Engineer: 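This is the structure, below, for whatever I ask next.
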Amino acid sequence: MSLSIDEQLNVLSRRCERIVPEADLRKKLQSGRKLRIKLGMDPTAPDVHLGHAVPLKVVRQFQEWGHKAVLIIGDYTARVGDPSGRNTTRPVLTGEQIDANAKTYVEQVGKILLTDPEHLEIRYNGEWFSKMGLSDVIKLLAKKTVAQMLAREDFANRYKSGVDIRLHELIYPLMQGYDSVMIDADVEMGGSDQLFNNLVGRDLQEDAGKPGQAVIVTPLLVGTDGHMKMSKSKGNYIGVTDPPSGQDGMFGKIMSLPDSLMEVYYTLLTDLPATEYKPLIAQDPRGAKIRLAKYIITWLHSAEAADAAEAEFIKVFSNKGVPDEMPEVQVSTDAQKLAPVIVKAGLASSNSEAIRKIKEGAVSLDGQKLAPTDFQKDFTFDKPTVLKLGRKFVRIVPA
RNA sequence: GGGCGUGUACCGAAGUGGUCAAACGGGACGGACUGUAAAUCCGUUGGCUCUGCCUUCGUUGGUUCGAAUCCAACCGCGCCCA
């Protein structure tokens, strides 16, 4: 349990892209104090995914060494509403939505972190921001210059390429940094895109006459598409509460990852030694993927769920079978066209799309592929029937 | 406040009076192949009561037999000047 400081830093290095400044972190670890490890989350969407899991795993590591995680829920910033992304004015979230999101956050984060009060403190930044007056805000703004803010890479890029930057976005780093001042963070965790914001926190703390936090950033996890950062809005994420199997389950999502991602996923999401997974990936990429899928499901669900998911996967995809569990739609027993049924089953968003899919040969009933002209036919469902479109299955049940 | 630009489908981007539901690329989705990988090939990518009809090219109103294309006003965005 009592690793030397060097050993601790070595453990951390697996998931840390940068530690700034490393000497400072070393000093904090040496002090023997119980450190406060800050991690901020915006409750704008209710899903925690594997991309978040990377810094969370590091936080968990700190917890196990006896330190305390401080989770900041950015309720105040969410309440203001972030209009970045020009054409989609994001609706301002209501207090209830934020509370609901925050609650599920804490639940989901609990899959990864220790949640007892000794190890976890949860704070909402509305606690201090809601009390600030304009003069306080101006004082905060005066801490930094425009040039300093524009030094941030993504601001600089947007500015250069003419994508607008709203003024409140410029002050986000300051707000986030102010959180660090208020909770006396010793260390702030984040993805590598947070480096700038986190360093602002360090500056603000020192400016306030407090010790500055050390900043640790983790690599960004690439999403299931294989090239963009995992994020909710890109739809390329694996949620920590996703079901183990099924069409949107973890097993399938992990199996469909590009091989090129295997090594990073093993490094960031498992604790297996490189000497073990590297040869595995090289020799048997498919086996490596199955092992990874089972590892992650065991971690976030259970070993039994992992076995079941594997069995299901082999049955459905390796042996082209039919899954045990699938969503059901109730449909009347009258003769009817198939397209509306496909829409009702959620496999297409319009009749036209459903008809196209039939014409493309993507649709089958009980394993019988439909002919392109079958969209004109009437079908009668007097017994349960398995409808398949692409990889997705739905059971049609007579009502 | 002034000048100059610009606004096309999920994104980028053609199209400057009819042959435009709108080229092309990316993405996405399907099919073949496979390891639900990659690569490759093929198809689809506004809606509908589907061999036809309806609605779309920032918004509204006009010109015209006919407009994404011309005119006007308005709105958004960018750059420059103040």
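By convention in this document, chain letters (A, B, ...) are assigned in the order of the sequence lines, proteins followed by strands, and residues within each chain are numbered from 1. Values reported hereafter were calculated over all heavy atoms of this structure, with side chains retained and with hydrogens, waters and symmetry mates removed. This one's a predicted model, so the numbers in the text were calculated from it and none came from an experiment.
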Engineer: So what does the secondary structure string of RNA chain B come out as, 5' to 3', with Watson-Crick or wobble pairs under 3.5 angstrom, [ ] for crossing and | for pairs with another strand?
Structural biologist: ((((((((.[[[..)..(.....]]]((((((.......))))))(((...)))...[[[[[..)....]]]]]))))))).

Engineer: Can you check whether A/Y178 and A/F129 have ring centres sitting under 6.0 Å from each other?
Structural biologist: yes

Engineer: Looking only at side-chain N and O atoms, does A/K38 offer a donor or acceptor that is under 3.5 Å from a partner on A/S180?
Structural biologist: yes

Engineer: Please list, by residue number, the residues of residues 320-355 of chain A whose heavy atoms come closer than 4.0 Å to an atom of RNA chain B; answer none if no residue qualifies.
Structural biologist: A/S350, A/N351, A/S352, A/I355

Engineer: Looking for any heavy atom pair under 4.0 Å, which part of the strands does A/R391 touch: base, sugar-phosphate only, or nothing?
Structural biologist: base

Engineer: Answer with yes or no whether the hydrophobic clustering places A/V59 together with A/L300; edges join I, L, V, M, F, W, Y residues whose side-chain heavy atoms lie under 4.5 Å apart.
Structural biologist: yes

Engineer: Using a 6.0 Å distance limit plus a 45 degree cone around the ring axis, check whether A/K57 lies over the aromatic ring of A/W299.
Structural biologist: yes

Engineer: Name every residue in residues 296-303 of chain A that has at least one heavy atom under 4.0 Å from any atom of RNA chain B, in order of residue number, or write none if there are no such residues.
Structural biologist: none

Engineer: Kindly indicate whether a cation-pi arrangement holds for A/K253 with A/Y237, taking the cut-offs as under 6.0 Å to the six-membered ring centre and within 45° of the axis.
Structural biologist: yes

Engineer: Do NZ/NE/NH1/NH2 and the carboxylate oxygens of A/R15 and A/D271 come within less than 4.0 Å?
Structural biologist: yes

Engineer: Which value, in whole Å, describes the distance between the P atoms of nucleotides B/G31 and B/A37?
Structural biologist: 12 Å

Engineer: Between B/A22 and B/C75, how far apart are the P atoms? Round to whole Å, please.
Structural biologist: 34 Å

Engineer: Return the value, rounded to whole Å, for the distance between atom NZ of A/K315 and atom P of B/G35.
Structural biologist: 21 Å

Engineer: Whole Å only: how far is the CD atom of A/E263 from the C1' atom of B/A38?
Structural biologist: 17 Å

Engineer: Base, sugar-phosphate, or nothing: which does A/G252 touch, judged by heavy atoms less than 4.0 Å apart?
Structural biologist: base

Engineer: Expressed as a whole number of angstroms, how long is the span from A/H227:NE2 to B/G27:C1'?
Structural biologist: 8 Å

Engineer: Would A/R291 and A/E276 pass as an ion pair if we require N to O under 4.0 Å?
Structural biologist: yes

Engineer: Please pick, from B/G47, B/A28, B/C29, the nucleotide with the shortest atom-to-atom distance to any side-chain atom of A/D225.
Structural biologist: B/A28

Engineer: Please state the P separation for the pair B/U64 and B/C74 - nearest whole angstrom.
Structural biologist: 23 Å

Engineer: State, yes or no, whether a side-chain contact exists between A/V222 and A/N236 at a heavy-atom distance under 4.5 Å.
Structural biologist: no

Engineer: Run the salt-bridge test on A/K232 and A/D47 with the 4.0 Å N-O cut-off and return the result as yes or no.
Structural biologist: yes

Engineer: Enumerate the residue pairs fulfilling ring pair (Phe, Tyr, Trp, His ring centres under 6.0 Å) with a member in residues 238-259 of chain A, sequence neighbours excluded, ordered by first and then second residue.
Structural biologist: A/F251-A/F313

Engineer: For nucleotides B/G12 and B/G7, find the distance between their C1' atoms and express it as a whole number of Å.
Structural biologist: 14 Å

Engineer: What is the separation between atom CG on A/L292 and atom C1' on B/G35, rounded to the nearest whole Å?
Structural biologist: 15 Å

Engineer: Quick check on salt bridge (Lys or Arg N to Asp or Glu O under 4.0 Å): which of A/D136, A/D207, A/D203 does A/K143 satisfy it with?
Structural biologist: A/D207

Engineer: Taking the C1' atom in each of B/G58 and B/G3, what is the distance between them to the nearest angstrom?
Structural biologist: 22 Å

Engineer: For nucleotides B/C42 and B/U49, find the distance between their P atoms and express it as a whole number of Å.
Structural biologist: 32 Å

Engineer: Of the options B/A28, B/A37, B/A32, whose atoms approach the side-chain atoms of A/K369 most closely?
Structural biologist: B/A32

Engineer: Rounded to whole angstrom units, what separation is found between the NZ atom of A/K388 and the C1' atom of B/G31?
Structural biologist: 11 Å

Engineer: Using the C1' atom as the point on both nucleotides, what is the distance between B/U69 and B/A23, in whole Å?
Structural biologist: 15 Å

Engineer: Run the salt bridge (charged side-chain N to carboxylate O under 4.0 Å, His left out) test on A/R202 and A/E206 for me, step by step, so that the C-alpha distance in whole Å, both residues' side-chain angles and the decisive distance to 0.1 Å come before the verdict.
Structural biologist: CA-CA 6 Å; A/R202 180 179 165 86; A/E206 289 178 340; 3.6 Å; yes

Engineer: Salt-bridge test for A/K357 and A/E360: reply yes if a basic N is under 4.0 Å from a carboxylate O, no otherwise.
Structural biologist: yes

Engineer: Go nucleotide by nucleotide along RNA chain B from the 5' end; which of A/Q376 and A/D259 gets its closest nucleotide reached first?
Structural biologist: A/D259

Engineer: Distance-only criterion, 3.5 Å: show the donor-acceptor pairs between side-chain atoms of residues 381-398 of chain A and protein atoms not counting sequence neighbours.
Structural biologist:
from: A/T385; atom 1: OG1; to: A/K383; atom 2: O; distance (Å): 2.9
from: A/K388; atom 1: NZ; to: A/G390; atom 2: O; distance (Å): 3.2
from: A/R395; atom 1: NH2; to: A/D324; atom 2: O; distance (Å): 3.3

Engineer: Between B/U34 atom C1' and A/F313 atom CZ, what is the distance in whole Å?
Structural biologist: 12 Å

Engineer: Does A/K359 make a cation-pi contact with A/F375 (under 6.0 Å, within 45 degrees of the axis)?
Structural biologist: yes

Engineer: Expressed in angstrom and rounded to an integer, what is the separation of A/F317 atom CZ from B/A37 atom C1'?
Structural biologist: 14 Å

Engineer: Within this structure, what is the CG-to-C1' distance between A/D242 and B/U36, rounded to whole angstrom?
Structural biologist: 16 Å

Engineer: Expressed in whole Å, how much space separates the C1' atoms belonging to B/A28 and B/C10?
Structural biologist: 8 Å

Engineer: List in numerical order all residues of residues 281-291 of chain A for which some heavy atom is under 4.0 Å away from an atom belonging to RNA chain B.
Structural biologist: A/P285, A/R286, A/K289

